[in-house]
Amino acid sequence: MRLVKMAALAAVMSVPVAAQANDAEMSLVPQGSAMVLHVNMERLRSSSFYKTILSGLLNSPALKMQIDMAKKQAGFDPINDLKSLTIVAPAKIGQGEEPLVILDGKIDAKKIAEKAGKSAQVTPAKGRVLIGKANAVAAAQKGGGAAGLKALLGKTNQKADLWFVANLPPELQKQMAQGNPMAKGLKSMRGSLDFAKGLKLKVALDTPMAKKAAEEAAKAVAQALKEPMMTQMGIAPMLQKLEVKAVGNVLNVDLDLNEGEVKKLQMMAQMMMMMTGGGGGSKMAPPAPTKAAK
């Protein structure tokens, strides 16, 4: 896992924990940062989605082996010991600069520092560790409070299980457009994913291609709804709830599924995992028994 490797090799510094996690983490976002991705692991672990789907995936042999290795290397469980994970990307990412990772939870900074070697810097604190190059850690200490991203933050649900905001610099816009013409002129992104009551997805993209992207999405959904399998599996009603609309240069993507619909997705995921042998001994409930064929 890339995160574990960073924890073992990068410069590490723990910092005091403020009263509220989100406020503390945002105060550590350096000036000039282009993106913030935050995962509330504590909240996510309490969701039914995690308990029935993600926990099963994490118990698959391949991932379980990596998690066990992470425990030995970093000295903490990257899944169960973390309260939150925050990744901060600088504007010049890929040009000599790397993301800053903020871990909050049951973490022993000294153990991680031992793995990092002489390059590590540690100060007495509990629960929070910064991982990244020395200049990124120093910039985080100075803070900045996500200046430049505040407008996007104000429109984003920061109480969701996962949320992100990004202001894309011109260089990155060009790189993305080379890989996908539909990404041309994409200035910013924000979004959230929450499992508190079913599944709620909200994404907003600031792009001159908003209208065209909405039209293409509508065509793709219409085509998918024509497939008999979509109706047979009960996916069609959920797909019809997907809203992709352009408001000026902003492309809004919204999907709000209730708990019953999410359970259907969970059952399909369980069946797929059983068919592929990916259950890995998880504690998910087995599907309803079927009558044996005569």
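These figures come from a predicted structure and were not determined experimentally.
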message = Under the rule for ring-ring contact (aromatic ring centres under 6.0 Å, His included), what residues qualify as partners of F195, not counting sequence neighbours?
response = F49
inquiry  = Would the distance check show the side chain of T207 and the main-chain N or O of M209 forming a donor-acceptor pair, the cut-off being under 3.5 Å?
reply    = yes
query = Where is the tightest heavy-atom contact between L168 and M176, given as atom of each residue plus distance?
reply = CD1-SD, 3.7 Å
key: Nearest-0.5 Å distance, CD of residue Q66 to CD1 of residue I79   = 10.5 Å
task = Could you go through the side chain to side chain contact (heavy atoms under 4.5 Å, CB included) check for I107 and L82 one step at a time?
result = CA-CA 8 Å; I107 306 167; L82 285 182; 3.7 Å; yes
task = Could you tell me whether the side chain of R45 reaches within less than 4.5 Å of the side chain of N80, counting heavy atoms only?
result = yes
request  = Could you grab the distance from atom CZ of F164 to atom CZ of R190, nearest 0.5 Å is fine?
outcome  = 9.5 Å
task = Taking the side chain as every heavy atom from C-beta outward, state whether V203 and N252 have any atom pair closer than 4.5 Å.
result = no
ask   = Is there side-chain contact between L186 and L205, with at least one heavy-atom pair below 4.5 Å?
value = yes
note = Rounding to 0.5 Å, atoms NZ (K197) and OG (S47) come to a distance of 14.5 Å
ask   = What are the two closest non-hydrogen atoms of L152 and A166, and how far apart are they?
value = CD1-O, 3.5 Å
Verdict with reasoning, K83 to D104, per salt bridge (Lys or Arg N to Asp or Glu O under 4.0 Å) = CA-CA 5 Å; K83 289 184 178 179; D104 188 7; 5.5 Å; no
key: Exercise: identify the closest heavy-atom pair between V29 and S33   = CG1-OG, 3.5 Å
inquiry  = Does H38 form a side chain to side chain contact (heavy atoms under 4.5 Å, CB included) with Q158? I'd like the steps, not just the answer.
reply    = CA-CA 8 Å; H38 180 81; Q158 296 179 54; over 6 Å; no
ask   = In Å, rounded to the nearest 0.5 Å, how long is the span from CD of Q223 to CE of M230?
value = 10.0 Å
ask   = Does a side-chain heavy-atom distance below 4.5 Å link V36 with L149?
value = yes
4.5 Å side-chain heavy-atom contact, L257 and L265 = yes
ask   = Atom CG of L172 and atom NZ of K187: how far apart are they, to the nearest 0.5 Å?
value = 15.0 Å
query = So, for T156 and G191, which heavy atoms are closest and what is the spacing to 0.1 Å?
reply = CG2-O, 3.6 Å
inquiry  = Run M65 and I67 through side chain to side chain contact (heavy atoms under 4.5 Å, CB included) and show every step you take.
reply    = CA-CA 5 Å; M65 183 173 65; I67 293 170; over 6 Å; no
ask   = Do W163 and V39 come within less than 4.5 Å of each other through their side chains, counting heavy atoms only?
value = no
ask   = When rounded to the nearest 0.5 angstrom, what distance separates NZ in K219 from CD in E216?
value = 5.0 Å
request  = Please examine the side chains of L28 and I102, heavy atoms only from C-beta on, and report whether any two atoms are closer than 4.5 Å.
outcome  = yes
ask   = Where do A91 and A34 come nearest, in terms of heavy atoms and distance?
value = CA-CB, 3.7 Å
Return all side-chain donor-acceptor pairs below 3.5 angstrom for residues 231-251, not counting sequence neighbours, or 'none' if the list is empty.
| residue | atom | partner | partner atom | Å |
| --- | --- | --- | --- | --- |
| K241 | NZ | E261 | OE1 | 3.0 |
| K241 | NZ | E261 | OE2 | 3.1 |

note = Those residues at least two apart in sequence (or on a different chain) that pass salt bridge (charged side-chain N to carboxylate O under 4.0 Å, His left out) with D194 are R43
query = Could you go step by step and tell me if V101 and L85 meet the side chain to side chain contact (heavy atoms under 4.5 Å, CB included) rule?
reply = CA-CA 7 Å; V101 178; L85 161 68; 3.7 Å; yes
inquiry  = Does any part of the side chain of S84, heavy atoms only, come nearer than 4.5 Å to the side chain of M41, both counted from C-beta?
reply    = no
